[in-house]
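This report concerns only the one structure given below.
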Amino acid sequence: LQRTTFPVMLQSQGTVRAHYTTTVTPQVSGVIIAIHPNFEDGAFFKKDDVLSELDPADFKVAVSSAESGLARAQAALIQEEARAKQARLNWDDLGYDEEPSDLVLRVPQLKEAKANVDAAQADLDQALRNLERTKIRAPFDGRVQKRSIGLGQAVGSSTPLGEVFATDFAEIP
């Protein structure tokens, strides 16, 4: 007898399913202005491929508005810093021996101005994220099972655009 490798063939039955299946939804509302070729029934796509695009016009306006709000908040902060500095100089010029209070030095107003700058920066960051979200990207490498949208369709943040599944590996339940 000699040892050898022998393939064993077993007849089996089962259902193969994708490891990940998901419904693609946008994170922002808008009107579909483009559907890319890799978002057709049966098409393959790679992670982060743009599948569809929403009209970005309103989101660009929001970014401009947030930028101007940030500029206004920064200008107010600069003015408040100058007022606080001048308040300290005035106190010293008057010849008082004791330390001035926070109100005299405009500390609360300065904190408010800094907080306004932080809030305006957060608004700008959110506006930029929303603008980027007008491009609906693939969550993983996969294939389109079914597309549910058409050009010109208005969609909300929970509107199903289609169903996709991962192609990295499959499982048999």
Side-chain angles (χ1 to χ4, degrees), residues 1-77 111-173:
L1 294 172
Q2 282 187 329
R3 188 174 173 179
T4 183
T5 302
F6 182 77
V8 177
M9 304 296 253
L10 294 175
Q11 296 292 328
S12 178
Q13 182 175 330
T15 303
V16 176
R17 71 174 193 203
H19 181 65
Y20 293 117
T21 300
T22 190
T23 300
V24 177
T25 57
Q27 291 181 299
V28 294
S29 300
V31 175
I32 302 290
I33 61 166
I35 298 173
H36 294 266
N38 53 359
F39 196 43
E40 297 292 337
D41 291 359
F44 288 92
F45 55 82
K46 296 285 185 194
K47 181 177 175 31
D48 292 327
D49 280 356
V50 176
L51 302 176
S52 184
E53 292 182 51
L54 302 175
D55 185 358
D58 293 337
F59 298 98
K60 287 179 180 178
V61 169
V63 167
S64 293
S65 177
E67 286 171 343
S68 67
L70 177 59
R72 281 191 302 275
Q74 288 170 333
L77 175 61
K111 285 182 179 180
E112 180 185 17
K114 287 178 183 177
N116 288 341
V117 168
D118 291 343
Q121 182 63 56
D123 289 344
L124 176 59
D125 293 344
Q126 182 65 50
L128 289 169
R129 273 193 306 278
N130 286 344
L131 178 60
E132 178 59 29
R133 290 173 177 165
T134 60
K135 292 181 182 336
I136 293 109
R137 298 187 182 276
F140 44 71
D141 291 351
R143 193 168 186 185
V144 179
Q145 184 172 348
K146 180 178 93 175
R147 188 188 82 208
S148 307
I149 52 144
L151 283 177
Q153 181 176 347
V155 295
S157 59
S158 61
T159 304
L161 305 181
E163 294 180 23
V164 296
F165 60 91
T167 56
D168 55 350
F169 68 93
E171 56 190 17
I172 300 173

| task | Check whether any side-chain heavy atom of L70 lies under 4.5 Å from a side-chain heavy atom of V117, and answer yes or no. | result | yes
| Can any side-chain N or O of D41 pair as donor or acceptor with the backbone N or O of R147 at less than 3.5 Å? | yes
| request: Show your reasoning for whether side-chain contact (heavy atoms from CB on, under 4.5 Å) applies to H36 and D49. | output: CA-CA 9 Å; H36 294 266; D49 280 356; over 6 Å; no
| Over all atoms of both residues, closest heavy-atom pair of N130 and V28 | OD1-CG1, 3.6 Å
| message | Using side-chain heavy atoms (C-beta onward) and a distance below 4.5 Å, is I35 in contact with L151? | response | yes
| message | I need the full list of salt bridge (Lys or Arg N to Asp or Glu O under 4.0 Å) pairs touching residues 119-141, with sequence neighbours left out, sorted by first then second residue. | response | E53-K135, E132-R137
Only distances under 3.5 Å count here; give the side-chain donor-acceptor pairs of residues 156-163 to other protein atoms, sequence neighbours excluded, each with its distance to 0.1 Å.
unit_1 : atom_1 : unit_2 : atom_2 : d
T159   : OG1    : G156   : N      : 2.7
T159   : OG1    : G156   : O      : 3.4

| message | What I'd like to find out is whether the side chain of F165 reaches to under 4.5 Å of the side chain of T167, using heavy atoms alone. | response | yes
| task | Kindly give the heavy-atom pair with the smallest separation between P139 and K47, and that separation in Å. | result | O-NZ, 3.6 Å
| message | Please give me the minimum heavy-atom distance between A34 and S52, naming the atom from each residue. | response | O-OG, 2.9 Å
| task | Answer yes or no: is there a side-chain heavy-atom contact under 4.5 Å between L54 and I32? | result | yes
| said: If we ignore hydrogens and angles and just use 3.5 Å, is the side chain of R143 paired with the main-chain N or O of G42 as donor and acceptor? | reply: yes
| task | Taking all non-hydrogen atoms of both residues into account, name the closest pair between N38 and V50 and its distance. | result | OD1-O, 3.3 Å
| Aromatic plane relationship, F45 with F140 - under 30° parallel, 30 to 60° tilted, over 60° perpendicular | tilted
| Closest contact, heavy atoms only, V144 versus E40 | CB-O, 3.2 Å
| remark: Tightest non-hydrogen contact, residues A66 and L124, listed as CB-CA, 3.5 Å
| query | So do the side chains of T22 and V164 get within less than 4.5 Å of each other, counting heavy atoms only? | reply | yes
